[in-house]
Student: 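Dropping a structure here in structure tokens format, bear with me for questions.
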Amino acid sequence: MASTVTKDRIVPMDKIRNIGIIAHIDAGKTTTTERILFETGKTYRLGSVDEGTTVTDWMEQERDRGITIVSAAITTFWDLQTDSSVENGHYRVNIIDTPGHIDFTAEVERSLRVLDGAVMVFDGRTGVESQSETVWRQADKYNVPRICILNKLNLIGADFEGSIKSIHERLGANAYPVQIPIGSEHGLRGVVDLVRMKAYTYEKIEDNKLKEEEIPADLLESAQKNRAELIERVAEYNDETLEKYLEGSELAEADIKKAIRAGVVAGKFFPIFGGDNRTATVQLLLDGVVEYLPSPVDIGQITGVNPQTGAEEVRKFSNDEALSALAFKVVTDPHVGRLVYMRVYSGSLKAGEQVYNMSKRVNERIGKLVLMHADQRELIDEAYCGEIVAVVGVKDTSTGDTICVQSKPILLESIEFPEPVISLAIEPATKADQERMGNALGRLSDEDPTFRIKTNQETGQTIISGMGELQLEILVDRMKREFSVDASTGAPQVAYKETIKRVAQGEGKYIRQTGGRGQYGHCFIRVEPKGRGEGNEFVSEIKGGAIPAGFIPPIEKGAVEKLENGILAGYPVVDIKVAVYDGSFHEVDSSEIAFKIAGSLAVEQACRQADMVLLEPIMKLEVSTPSEYMGDVIGDLSSRRAQIRGSEDKGNLTIIDAFGPLAELRGYATTLRSITKGRASFYMEPSHYEEVPANIAQNIIAKSGKVQAS
């Protein structure tokens with residue numbers, strides 16, 4: 001891995017595009033990325049998901065299952081040859097291919113946080129699907145400009161107009177095509193470019209050149225109509241274009257592209273491409289990435305907080321500014337160890353220099369800097385503003401941390417991740433595996449912020465939690481393959497939570513006299529319910545020295561540990577405010593351990609008097625079923641306590657939207673296959689938590705073995 005600062009790497013910042021490929025599962029993200037790599041000369045044969053030969057799906061588990069599990073970073077280059085609103089030349093495109101499965105939503109979240117633009121891939125047969133909505137909302141959250149592409153228009157059931165309608169209705173997006181397909185389904189043979197008003201065709205999937213032609217006569221009227229509509233929608237985004245449009249002047253290709261680009265960069269317009277992403281039409285998509293998506297220069301600056309003053313701090317995207325970077329991903333690499341991916345927003349990073357982790361308030365030394373090409377590495381000496389690089393040698397930096405210069409501090413917005421919804425117990429197969437398992441779990445949780453580990457204090461079992469059974473299954477498999485740890489797992493369990501419904505008080509008193517110095521800790525605690533999702537809070541309301549200040553942290557620690565281990569049925573207590581407001585102490589016998597125990601006793605007593613309830617994860621569910629089975633499917637969902645939100649007919653399919661408790665939906669795939677004879681599919685993702693009905697909660701509590709206070 002020699003140091004290679006290639007000439008290609010040093011490109012002006014306005015010629016850099018940091019983009020992500022995002023979509024619902026199986027829409028064709030990885031296929032799109034593979035064709036991009038082929039068209040840009042990064043690969044010399046097309047990778048296939050089915051054959052397990054893709055560049056970005058490099059993990060064994062990804063190739064075995066034919067799905068993307070982790071986001072993969074690729075750097076490639078594209079030479080724009082056509083007339084354009086941006087300067088022709090050599091463009092560097094940094095691409096992150098993200099997973100589509102909801103179990104790996106953290107990969108999408110952290111990728112979007114550091115990207116300047118995204119390509120949103122839709123299945124041209126179905127248009128917007130459940131995870132399409134989720135990743136679109138994630139992109140909205142981080143104000144990421146997007147271009148859209150309707151893929152798989154070559155397949156039976158392709159519906160170009162219907163898919164566009166779904167983007168308008170389900171996403172509320174101001175999106176309009178810049179291309180229309182030539183032919184449909186198996187007769188697809190190219191696209192009409194509505195800006196250039198030219199047809200681009202191919203004969204075979206393997207063709208690496210498109211043939212430029214005049215627009216077929218049977219499509220000319222449709223193309224002219226769609227072009228006029230496109231111009232009407234985008235003209236307002238560029239003053240020069242708008243002026244010409246209002247004057248009735250003929251708009252040149254460059255005028256239209258300037259307006260489209262302005263609308264995209266502002267996040268107000270989303271151009272739609274379409275076709276078969278296995279073909280050379282991806283060349284037109286690459287042109288669109290360069291012509292319409294923003295460079296770091298277009299974004300201009302990033303805003304954070306000066307931790308010393310609390311004031312807003314702005315850093316321009318420039319190599320001359322002070323360093324600011326965000327760590328967004330941690331990977332354990334078998335060759336170089338712990339890799340931390342960073343996006344450099346301002347200044348530069350140099351190998352060997354010391355930097356400051358503002359989030360952890362510790363110094364870190366940059367060991368090596370690496371440009372990643374999926375699982376391949378290129379060692380570099382310096383990373384510049386706008387680049388995405390991996391860093392070797394930083395020990396304390398984790399996902400969401402800000403890296404800067406200590407003398408010029410800034411704290412960037414971190415990355416938030418959803419809470420796990422499913423758990424299972426895991427045990428090492430042998431004593432030799434025990435130590436290795438602890439190390440493996442620690443590294444895997446370092447990589448994945450949605451993967452949690454805890455020890456059940458009562459049983460001594462190790463409990464791992466995540467976003468779904470697939471995620472946990474793959475992590476356990478990785479432990480075996482990458483860390484040589486054999487482990488057995490219990491059946492997956494729903495990650496219930498506990499909370500309270502009213503204010504209550506409790507007293508905790510721990511007094512022991514066994515001869516000599518005793519133990520004395522005594523406190524009164526009040527608990528109050530908070531809003532759903534607001535988290536826990538601990539405050540001290542002690543006045544007049546009833547409890548010395550040094551004993552407040554032990555009380556908090558005791559209370560927090562009790563809440564984490566659960567009171568009602570052994571599940572974490574959430575959304576609660578805990579206030580210690582009174583107590584007493586002994587000059588000689590009081591100790592930190594005594595007050596910790598007192599805090600634990602007091603918070604338990606208070607919670608038990610505060611109308612405790614169980615909360616369960618509710619899933620958002622979308623079922624696609626042949627219409628003749630709709631009644632049976634809805635009946636089965638209703639029997640699982642699901643709430644049907646509505647249904648929509650798409651051809652001979654009915655799409656059913658529902659919310660349902662995860663506890664009732666486990667194993668649903670088997671039942672659905674039986675009901676519909678294997679002809680239906682479904683997708684589900686975590687939505688929110690709701691109170692468990694009393695009769696069901698009693699059964700859960702009884703099974704937990706917890707002793708209930710009278």
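Everything numeric in this text was worked out from a predicted model, so none of it was measured. The analysis underlying the following values was restricted to heavy atoms, covering all of them including side chains, and did not include hydrogens, waters or symmetry mates.
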Student: Is there a side-chain contact between Leu563 and Phe538 in this structure, where contact means two heavy atoms from C-beta onward sitting under 4.5 Å apart?
Tutor: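 In short, these two side chains do not touch, never coming nearer than 4.5 Å.
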
Student: Decide if atom CD of Glu537 counts as having more than 12 heavy atoms of other residues, nucleotides or ligands within a radius under 6.0 Å.
Tutor: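 Atom CD in Glu537 is crowded, with more than 12 foreign heavy atoms closer than 6.0 Å.
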
Student: Does the Ser346 side chain pair with the main chain of Ser324, one donor and one acceptor, at a distance under 3.5 Å?
Tutor: yes

Student: Can you name the closest pair of heavy atoms from Val265 and Pro294 and give their distance?
Tutor: CG2-CB, 4.0 Å

Student: For the NZ atom on Lys395, are there more than 12 heavy atoms of other groups (residues, nucleotides or ligands in this structure) within a distance under 6.0 Å?
Tutor: no

Student: Looking at Glu109 and Lys141, is any side-chain nitrogen of the basic one under 4.0 Å from a carboxylate oxygen of the acidic one?
Tutor: yes

Student: For this output row, return yes or no: ring centroids of Tyr91 and Phe77 closer than 6.0 angstrom.
Tutor: no

Student: For Arg436, is there an ion pair with Asp486 - N to carboxylate O distance below 4.0 angstrom?
Tutor: no

Student: Any side-chain to backbone donor/acceptor pair from Asn363 onto Tyr356? Under 3.5 Å, distance only.
Tutor: no

Student: Thinking salt bridges, do Glu313 and Lys408 make one under a 4.0 Å N-O criterion?
Tutor: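 Result for this pair is no, no salt bridge flagged.
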
Student: Is the CD atom of Glu435 crowded by more than 12 outside heavy atoms at less than 6.0 Å?
Tutor: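 Check fails, neighbour count at 12 or below.
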
Student: Would you find more than 12 non-hydrogen atoms of other residues, nucleotides or ligands less than 6.0 Å from Glu416 atom CD?
Tutor: no

Student: Please assess Lys454 against Ser423 for the test side chain to side chain donor-acceptor pair (under 3.5 Å), listing each intermediate value before the final yes or no.
Tutor: CA-CA 10 Å; Lys454 76 170 187 176; Ser423 305; over 6 Å; no

Student: Is it possible for you to check whether Arg343 lies under 6.0 Å from the centre of the six-membered ring of Phe317, through NZ or CZ, and within 45° of that ring's axis?
Tutor: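 So Arg343 does make the cation-pi contact.
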
Student: Could you verify whether a donor N or O on one side chain and an acceptor N or O on the other, from Asn277 and Thr31, lie under 3.5 Å apart?
Tutor: no

Student: With sequence neighbours left out, which residue pairs that include part of residues 464-486 fulfil the ring-ring contact (aromatic ring centres under 6.0 Å, His included) condition?
Tutor: none

Student: Charged N to carboxylate O below 4.0 Å: is that the case for Arg443 and Glu447?
Tutor: no

Student: Under a 4.5 Å cut-off applied to non-hydrogen side-chain atoms, are Ile22 and Trp136 in contact?
Tutor: no

Student: For the backbone of Tyr384 and the side chain of Glu387, can you confirm whether one donor and one acceptor N or O come within less than 3.5 Å of each other?
Tutor: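 Here the side-chain-to-backbone pair exists.
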
Student: Would you check if the side chain of Arg365 reaches a backbone N or O of Gly393 as a donor-acceptor pair within less than 3.5 Å?
Tutor: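 Not confirmed, Arg365 side chain does not pair with Gly393 backbone.
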
Student: What residues form a salt bridge (charged side-chain N to carboxylate O under 4.0 Å, His left out) with Arg452, not counting sequence neighbours?
Tutor: Glu419

Student: Tell me which one of Arg17, Lys15, Arg92, Met13 satisfies side-chain contact (heavy atoms from CB on, under 4.5 Å) with Ser295.
Tutor: Arg17

